[in-house]
Student: 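Can you read through this structure? Questions will come right after.
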Amino acid sequence: MSAPSVASSRYADQGGAAVVLAMLVLALVASVAAFLMADYGNQLEFATGRHDLAQSRWLARGAVDWARNVLADDARTSATDHLGENWATRIAPTAVEDGTVSGSLMDLSGRFNLNGLVAAGLPDTAQVAAYKRLLRLLGVSQAAADSLAAALVDWLDADDVAVSGGAEGDSYASRGLAYRPANAPLADVDELALVQGYDGVLVARLRPFV
């Protein structure tokens, strides 16, 4: 009487194992499919990114070529520059694939050249005096203007000897900073924020004039 019960139990165990095995196979197949889809998505995103980068580069090259042509034409037809000329006309946003492109030319020759504070590795007294006047026009006190100009001269000049009121490496070290004066021309206006005495507010006030 017990043999059918044992056989029935054995078949039930085998059936349960088959269900578990089928579920494992299904899970494995789903995992492989998900991996393949994720890899395909990554490859597609990578290819799209490369396409967008290439497109951006070509647009940038086109903009540079356009600027060169406009400036070359201006040089041929005009001996003076003013904001009523063609080069000063801003190009309105133009639709391109997945975005827009626009541009404008800016004449920076009328702005103060901060790197001109130092010439041949030494302070240019006339330029330093002009820079102090600019700082005063922006509301900086005379004492602060003297200190700011001296600190910038020390950042630009070729030596490690501080000018009067300036700041060389020891001054930055005493403030616990990990960097020292570049002793080289500024690469960007934002670099001013690294110079002793300058902060983001002052740099923002200077930006339209330098």
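Counting begins at 1 with the first residue of the sequence.
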Student: Start with the C-alpha gap between Asp159 and Asn183, add the side-chain angles, then the distance that decides, and say whether side chain to side chain contact (heavy atoms under 4.5 Å, CB included) holds.
Tutor: CA-CA 7 Å; Asp159 60 44; Asn183 292 336; 5.8 Å; no

Student: Linking I/L/V/M/F/W/Y whenever any side-chain heavy atoms sit under 4.5 Å apart, do Val64 and Leu105 land together?
Tutor: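 Result: no, two separate clusters.
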
Student: Passes side chain to side chain contact (heavy atoms under 4.5 Å, CB included), Val140 versus Lys132? Steps please.
Tutor: CA-CA 9 Å; Val140 177; Lys132 291 180 181 180; over 6 Å; no

Student: Backbone N or O of Leu202 within a donor-acceptor pair of the Asp199 side chain at under 3.5 Å?
Tutor: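 Indeed, once roles are kept as given, a pair shorter than 3.5 Å links the two residues.
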
Student: Going by the side chain to side chain contact (heavy atoms under 4.5 Å, CB included) test, name the single residue among Leu148, Leu156, Asp154 that passes it with Leu152.
Tutor: Leu156

Student: Quick one: closest heavy-atom pair of Ala173 and Arg180, and the distance?
Tutor: CB-NH2, 3.2 Å

Student: Is it true that, when you exclude Leu83 itself, more than 12 heavy atoms of the residues, nucleotides or ligands shown sit nearer than 6.0 Å to its CG?
Tutor: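 Atom CG in Leu83 is not crowded, with 12 or fewer foreign heavy atoms closer than 6.0 Å.
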
Student: Hydrophobic clusters here meaning ILVMFWY residues chained together by side-chain heavy-atom distances under 4.5 Å, can you tell me if Leu122 and Leu114 are in one?
Tutor: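 Looking at the clustering, Leu114 is in a separate group from Leu122.
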
Student: If you take all heavy atoms of Pro123 and Val153, which pair is closest and at what distance?
Tutor: CG-CG1, 3.6 Å

Student: Of all the heavy-atom pairs spanning Ala95 and Thr100, show the shortest one and how long it is.
Tutor: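 Scanning both residues, the minimum pair turns out to be CA-CG2, 4.2 Å.
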
Student: Could you tell me the separation between the CD atom of Gln55 and the CG atom of Leu53, rounded to the nearest 0.5 Å?
Tutor: 10.5 Å

Student: Could you give the distance from CG (Leu138) to CZ (Phe209), rounded to the nearest 0.5 Å?
Tutor: 5.5 Å

Student: How many angstroms lie between atom CG of Leu137 and atom CZ of Arg205, to the nearest 0.5 angstrom?
Tutor: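 The distance works out to 11.5 Å.
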
Student: Distance-only, no hydrogens or angles: does the Ser78 side chain make a donor-acceptor pair with backbone N or O of Arg76 under 3.5 Å?
Tutor: no

Student: Indicate the ring-plane relationship of Trp155 and Tyr172, choosing parallel, tilted or perpendicular according to the 30° and 60° boundaries.
Tutor: tilted

Student: Hydrophobic clustering (ILVMFWY, side-chain heavy atoms < 4.5 Å, transitive) - are Val189 and Leu194 grouped together?
Tutor: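 Same cluster.
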
Student: Are the side chain of Asn69 and the backbone of Asp65 linked by a donor-acceptor contact shorter than 3.5 Å?
Tutor: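 Yes: the side chain of Asn69 pairs with the backbone of Asp65.
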
Student: Restricting to non-hydrogen atoms, name the atom on Arg111 and the atom on Pro208 that form the minimum distance, rounded to 0.1 Å.
Tutor: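 Taking every non-hydrogen atom into account, NE-O, 3.4 Å.
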
Student: Quick one: pull up OG1 in Thr125 and CG in Leu117 and give me the separation to the nearest 0.5 Å.
Tutor: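 Output value for this atom pair is 11.0 Å.
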
Student: For residues Ala167 and Ala162, report the shortest heavy-atom separation together with the two atoms involved.
Tutor: N-CB, 4.4 Å

Student: For the atom pair CG (Asp146) and OH (Tyr131), what is the distance rounded to the nearest 0.5 Å?
Tutor: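 If we round to the nearest 0.5 Å, Asp146:CG and Tyr131:OH are 12.0 Å apart.
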
Student: Do Asp190 and Arg207 pass the side chain to side chain contact (heavy atoms under 4.5 Å, CB included) test, and can you show the C-alpha distance, the side-chain angles, and the key distance before you say yes or no?
Tutor: CA-CA 9 Å; Asp190 289 331; Arg207 189 181 299 279; 2.5 Å; yes

Student: Hey, is the main chain of Glu168 close enough, under 3.5 Å, to the side chain of Ser171 for a donor-acceptor pair?
Tutor: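 Not at all, since once roles are kept as given, no pair shorter than 3.5 Å links the two residues.
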
Student: Tell me whether the count of non-hydrogen atoms from other residues, nucleotides or ligands lying under 6.0 Å of CZ in Arg175 goes above 12.
Tutor: yes

Student: Working to the nearest 0.5 angstrom, can you tell me the gap between Thr80 OG1 and Asp74 CG?
Tutor: 8.0 Å

Student: Answer yes or no: does atom CG of Asn86 have more than 12 heavy-atom neighbours from other residues, nucleotides or ligands under 6.0 Å?
Tutor: no

Student: Identify the two heavy atoms, one from Ser104 and one from Arg90, that lie closest to each other, and give their separation to 0.1 Å.
Tutor: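 For Ser104 versus Arg90, the nearest heavy atoms are OG-NH1, 3.1 Å.
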
Student: Going through the distances and angles, do Leu134 and Leu206 end up as a side chain to side chain contact (heavy atoms under 4.5 Å, CB included)?
Tutor: CA-CA 9 Å; Leu134 173 60; Leu206 279 167; 4.2 Å; yes

